[in-house]
Novice: 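Dropping a structure here in structure tokens format, bear with me for questions.
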Amino acid sequence: MEGAETKGDGDGVRPWQSYHTVYTTAKAGMEGVDKEKVQRVVYEMSKGSKYFQNEERKDAYIKQKIDNLRIQCAKLTQADLSNYQKVADRRIVELEASRDLSRIWLHVDMDAFYAAVETLSNPTLKGKPMAVGGMSMISTANYEARKFGVRAAMPGFIARKLCPELIFVPTDFKKYNHYSDLTRKVFRRYDPNFIAGSLDEAYLDITEVCKEKNVKSEEIAEELRASVYEETGLTCSAGVAPNRLLAKVCSDINKPNGQYILPNDRMALMTFISSLPIRKIGGIGKVTEQILKGVFGINTCEQMLEKSSYLCALFSQSTAGLGLGQTDSPQVRFRKSISNERTFSATEDEVLLHKRLAELAEILSIDMQREGLCGRTLTLKLKTASFEVRTRAVTLQKYISSSEDILKHAQKLLKAELPISVRLIGLRVSQFNGDKCSATFDPTQKTITNFISSGDVNRNCCNSSDVVADHDFVSNTETGLSIDSRQTSQLDWRDSVDANHLSDVDYQSFTVWKNDGVEEEQTSSNGAPSSNYSGFAEVLGSTSFQEQYEGINVKNGTNFLADERLNSCCQEKTMLWLNDYKCSLCGIELPPNFVEERLEHSDFHLAEKLQNEESRIHRTPFPTQSEGQKDVITGQSKSKKQKLSQKEYSCFDSLENKLD
DNA sequence: GCGGATCAC
DNA sequence: TATGGTGATCCGC
């Protein structure tokens with residue numbers, strides 16, 4: 001690197017240096033790679049393409065964003081910063097206090113999973129650079145290929161340029177599912193309630209196993225990895241830490257075929273987090289990293305702490321967490337939307353586009369009926385020949401699921417965009433209905449859909465009672481949060497988990513949610529399934545509902561997000577700001593200029609008050625909702641808790657959403 | 001409720 | 001020749 005030349009904006013001596021790809025960021029197996037060369041090749045192969053031009057457009061937009069943030073930053077006065085620093089400090093203290101070091105989590109991550117499985121079924125591939133995928137996209141590359149800079153999500157034709165010997169193997173999910181099942185048999189022995197992240201990842205709570213066997217987590221990790229290898233022939237890596245977020249970070253450290261243990265010790269934790277690059281934290285991606293670096297020069301979590309007052313100032317509720325809290329990751333919930341999309345060679349032929357649209361509508365309808373879903377919002381997605389993405393949506397009075405209905409409305413949406421040259425069309429249905437789709441579904445209609453869906457016309461949401469059951473569930477968790485939904489969800493909720501991504505074993509593993517005592521409380525108090533298993537376990541413990549609620553208040557008092565603002569208008573009067581600074585009800589301090597936070601804070605107290613009233617009425621720690629008020633109450637408590645869980649997932653994750 | 005954007009796998 | 005598909009979430013209207 002020679003200074004001046006390296007900061008070029010594309011017009012310098014080495015234009016490739018300013019082309020931001022995701023392919024050179026530090027990842028397992030990329031250590032010895034000549035990044036400069038990879039960067040250059042990727043740039044050369046991409047330069048001038050429509051894709052490249054779009055990337056440049058997006059990049060310019062991010063640069064603009066960075067500039068704006070810098071300006072805002074410069075406008076902050078010392079007084080502002082001092083106020084924000086107070087808020088930031090308090091949040092840090094609160095999160096510190098809420099940290100739980102009593103659990104031991106293990107994250108397992110299979111090494112180059114698809115590639116490893118393919119090598120297992122074709123040993124001649126051993127030792128040769130190989131990638132699973134095709135010329136347009138690669139899913140996984142083995143470690144031999146990674147030495148050349150070949151990576152997942154890289155187009156195949158670029159990979160071949162980097163590594164002319166590269167062997168391409170098409171994806172075969174049947175195989176991957178099979179081996180995934182084998183690994184999970186092992187996981188289950190260590191934690192019967194393990195949480196499957198994807199085919200090749202899982203989270204295990206090994207606290208009990210360590211106790212029972214009276215061994216260190218390190219030995220459990222070794223033993224588990226040995227078992228996986230023995231029973232599958234595949235290697236994996238493991239990370240052990242007090243929570244899932246950190247466990248996942250740890251499993252990446254000694255990849256492949258290695259492990260890293262982060263002890264449940266405060267100092268060790270702080271040291272570890274301090275030097276951790278922010279990009280390693282789930283939820284911080286390419287863009288957020290770029291912005292934090294560009295605006296504040298932040299690279300590590302420690303630097304986030306140093307800049308906490310600025311982060312609070314610019315991103316409102318943002319960043320107080322800083323990876324210090326209990327946190328936790330994968331949000332496994334019920335499905336909220338169903339979609340499909342296809343890429344093809346760009347065309348503006350309206351007949352062709354219509355044909356594509358009809359095909360998508362057909363497939364989507366089949367998928368929906370297989371899952372017993374009806375929705376009222378339809379979204380059309382288009383990617384233009386220049387890679388610009390557009391979405392157009394309608395929300396209907398009726399709930400739909402038939403291909404005819406979908407196509408009819410999709411066509412209208414598409415028509416409004418014509419003429420247009422597109423390379424991708426997608427359809428998505430959301431806002432699912434629990435109740436009767438019969439209102440819009442005519443069982444007598446003879447559609448291709450009905451025949452294709454395995455001739456099982458009854459297996460749609462209208463005349464199959466078992467499907468109606470989980471239908472109710474989906475609907476109610478989505479909106480109504482009624483008592484019925486809770487009862488249903490306790491029994492059936494896993495049926496509504498996305499079947500496209502999860503195998504049967506996934507369903508199994510997710511029963512943790514309904515079998516766990518915490519989840520019971522969650523569901524009862526929230527009226528919706530928990531979105532965060534361990535986060536809530538750690539925070540809520542086994543306290544009563546009211547205590548839990550106040551606990552959340554203390555920890556999260558200032559962190560309510562803006563989408564409740566609409567409800568806030570008349571609620572300030574439920575409380576007072578003492579000296580225009582301190583909340584009269586809970587004592588939390590919020591400077592007058594924290595307008596949003598104040599509104600949100602008063603929202604919280606209102607919800608709390610309503611909840612208290614409900615508790616009294618029903619004389620039960622987990623109040624059931626009365627018809628009249630349930631929407632308001634559950635709506636409030638639900639949104640608060642979801643935010644809490646998001647907050648805990650990663651203290652950073654809320655940050656990136658504030659960067660616009 | 002809509003549309004753009006980001007992220008993870 | 002050529003840069004994916006599915007689902008979720010958030011923000012600012």
Side-chain angles (χ1 to χ4, degrees), chain A residues 21-23 42 45-46 49-55 58 61-62 65 109 113-114 133-140 152-161 171 173 176 196-201 248 279 281-291 315-317 329-346 360 363-364 367 376-383 387-396 413 423-431 497-502 531 561-563 565-566 596 642-643 646 649-650 652-660:
Chain A
T21 67
V22 79
Y23 307 125
V42 172
M45 296 296 288
S46 302
S49 69
K50 294 274 171 60
Y51 174 83
F52 180 87
Q53 288 169 21
N54 189 251
E55 288 300 297
K58 289 197 291 188
Y61 170 72
I62 294 169
K65 230 155 79 164
D109 198 331
F113 184 55
Y114 298 172
M135 266 325 137
S136 54
M137 193 54 63
I138 284 175
S139 296
T140 315
M154 179 181 273
F157 67 94
I158 293 181
R160 195 176 53 183
K161 188 80 174 182
T171 52
F173 280 93
Y176 313 145
S198 60
L199 284 183
D200 72 328
E201 268 180 52
K248 181 160 167 77
R279 185 64 162 84
I281 281 112
I284 297 200
K286 188 186 88 171
V287 174
T288 309
E289 180 190 35
Q290 221 175 305
I291 288 174
F315 309 126
S316 65
Q317 63 115 27
S329 44
Q331 309 255 328
V332 182
R333 296 188 204 176
F334 46 89
R335 175 201 276 287
K336 286 188 165 58
S337 71
I338 185 167
S339 69
N340 59 12
E341 62 188 57
R342 264 337 131 226
T343 294
F344 41 85
S345 53
L360 287 173
I363 296 168
L364 186 56
D367 290 348
R376 56 190 281 260
T377 297
L378 177 70
T379 306
L380 171 73
K381 175 176 170 182
L382 301 174
K383 193 188 279 178
F387 285 84
E388 176 203 354
V389 175
R390 282 186 212 173
T391 60
R392 296 290 179 262
V394 277
T395 298
L396 311 163
L413 293 173
R423 69 192 320 280
L424 172 147
I425 302 183
L427 286 176
R428 167 182 310 263
V429 174
S430 51
Q431 299 248 37
V497 171
D498 175 9
N500 289 330
H501 282 181
L502 306 176
S531 59
L561 298 180
D563 55 74
R565 216 170 302 148
L566 290 177
E596 289 180 11
Q642 279 183 345
K643 271 149 201 168
Q646 284 157 10
Y649 155 8
S650 157
F652 299 110
D653 80 334
S654 50
L655 166 68
E656 40 106 355
N657 298 310
K658 290 284 189 173
L659 296 178
D660 287 314

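The model shown is predicted, which means the values in this text are computed figures rather than measured ones. First the proteins, then the strands, lettered A, B, ... as listed; each starts at 1.
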Novice: Among all residues two or more places apart in sequence or in another chain, which pass the ring-ring contact (aromatic ring centres under 6.0 Å, His included) test with A:F52?
Specialist: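 Once residues adjacent in sequence are excluded, the partners of A:F52 under the ring-ring contact (aromatic ring centres under 6.0 Å, His included) criterion are A:Y19, A:Y43.
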Novice: Partners of A:F173 by ring-ring contact (aromatic ring centres under 6.0 Å, His included), sequence neighbours excluded?
Specialist: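 Here the qualifying residues are A:Y114, A:Y176.
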Novice: Remember a base hit wins even if backbone is also touched, and classify A:S49 as base, sugar-phosphate or nothing at under 4.0 Å, heavy atoms.
Specialist: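 Base, at least one base heavy atom under 4.0 Å.
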Novice: How many Å lie between CD1 on A:I291 and P on B:dA5, as a whole number?
Specialist: 12 Å
Novice: Ignoring backbone atoms, establish whether A:K286 has a side-chain N or O less than 4.0 Å from OP1 or OP2 of B:dT6.
Specialist: no
Novice: Can you name the residues that form a salt bridge (charged side-chain N to carboxylate O under 4.0 Å, His left out) with A:E201, not counting sequence neighbours?
Specialist: A:K248
Novice: Where does DNA chain C pair, written as one dot-bracket string 5' to 3', with Watson-Crick or G-U pairs under 3.5 Å, ( ) inside the strand, [ ] for crossing pairs and | for another strand?
Specialist: ....|||||||||
Novice: Hey, does A:Y23 reach any base, or is it just sugar-phosphate, or nothing, if we go heavy atoms under 4.0 Å?
Specialist: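 A:Y23: base contact, heavy atoms under 4.0 Å.
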Novice: With a non-hydrogen cut-off below 4.0 angstrom, is A:R342 in contact with a base, only sugar-phosphate, or nothing?
Specialist: sugar-phosphate
Novice: Output the rounded distance in Å from CZ (A:R428) to C1' (B:dA5).
Specialist: 13 Å
Novice: Any side-chain N or O of A:T391 below 4.0 angstrom from OP1/OP2 of B:dG4?
Specialist: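 Result: yes.
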Novice: Rounded to whole angstrom units, what separation is found between the CZ atom of A:R390 and the C1' atom of B:dA5?
Specialist: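 Rounded to the whole Å, the gap is 16 Å.
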Novice: Taking OP1 and OP2 of B:dG1, is either one under 4.0 Å from a side-chain nitrogen or oxygen of A:T395?
Specialist: no
Novice: Check the side chains of A:S139 and A:T171 for a donor-acceptor pair under 3.5 angstrom, ignoring hydrogens and angles.
Specialist: no
Novice: Measure from CZ on A:R279 to P on B:dT6 and round the result to the nearest Å.
Specialist: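 Those two atoms, CZ and P, are 13 Å apart.
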Novice: Within the pair A:K161 and C:dA2, is there a side-chain N or O less than 4.0 Å away from OP1 or OP2?
Specialist: no
Novice: Would you say A:T343 places a side-chain N or O within less than 4.0 Å of OP1 or OP2 belonging to C:dG5?
Specialist: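 Yes, because at least one side-chain N or O of A:T343 sits under 4.0 Å from OP1 or OP2 of C:dG5.
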Novice: Side-chain contact, heavy-atom cut-off 4.5 Å: A:V394 with A:L413?
Specialist: yes
Novice: Go through B:dC9, C:dA8, C:dG4 for me and flag the one nearest to the A:S198 side chain.
Specialist: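 Ranking B:dC9, C:dA8, C:dG4 by closest atom to the A:S198 side chain puts B:dC9 first.
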Novice: Kindly write out the residues that satisfy salt bridge (charged side-chain N to carboxylate O under 4.0 Å, His left out) with A:K381, not counting sequence neighbours, or none if the list is empty.
Specialist: A:E341
Novice: Using salt bridge (charged side-chain N to carboxylate O under 4.0 Å, His left out) as the criterion, list what pairs up with A:R390, not counting sequence neighbours.
Specialist: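 Checked A:R390 against salt bridge (charged side-chain N to carboxylate O under 4.0 Å, His left out); matches are A:E388, A:E417.
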Novice: Output yes when A:K286 and A:E289 qualify as a salt bridge under the 4.0 Å nitrogen-oxygen rule, no when they do not.
Specialist: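 No, no charged N to carboxylate O under 4.0 Å.
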Novice: Mind calculating the distance between CG (A:D109) and P (B:dA8) to the nearest angstrom?
Specialist: 14 Å
Novice: With nearest nucleotide decided by heavy atoms, which residue, A:R376 or A:V389, maps closer to the 5′ end of DNA chain B?
Specialist: A:R376
Novice: Within this structure, what is the CZ-to-P distance between A:F334 and C:dT9, rounded to whole angstrom?
Specialist: 8 Å
Novice: Looking only at heavy atoms, which two atoms of A:F157 and A:M45 are closest? And how far apart?
Specialist: CD1-CE, 3.6 Å
Novice: Which of the following nucleotides, C:dT6, C:dA2, B:dC2, is nearest to the side chain of A:F157?
Specialist: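 In terms of side-chain proximity for A:F157, the closest of C:dT6, C:dA2, B:dC2 is C:dA2.
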Novice: Give the rounded distance in Å between these two atoms: CG of A:N340 and P of C:dG7.
Specialist: 8 Å
Novice: Judged by each residue's nearest nucleotide on DNA chain B, which is more toward the 5′ side, A:R392 or A:E289?
Specialist: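 Looking at the nearest nucleotide for each, A:R392 comes out on the 5' side.
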Novice: Heavy atoms under 4.0 Å, any strand shown: does A:L424 hit a base, just sugar-phosphate, or nothing?
Specialist: sugar-phosphate
Novice: Any side-chain N or O of A:T288 below 4.0 angstrom from OP1/OP2 of B:dT6?
Specialist: no
Novice: Counting heavy atoms from C-beta on, name the nucleotide in B:dT6, C:dT6, C:dA2 closest to the side chain of A:I62.
Specialist: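 Taking heavy atoms from C-beta onward, the closest nucleotide is B:dT6.
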Novice: Starting at atom CZ of A:F173, determine the distance to atom C1' of B:dC9, rounded to an integer number of angstrom.
Specialist: 10 Å
Novice: State which of C:dG7, C:dG5, C:dA2 makes the closest approach to the side chain of A:S337.
Specialist: C:dG7
Novice: Verify the contact: side-chain N or O of A:K381 to OP1 or OP2 of B:dC2, cut-off strictly under 4.0 Å; return yes or no.
Specialist: no
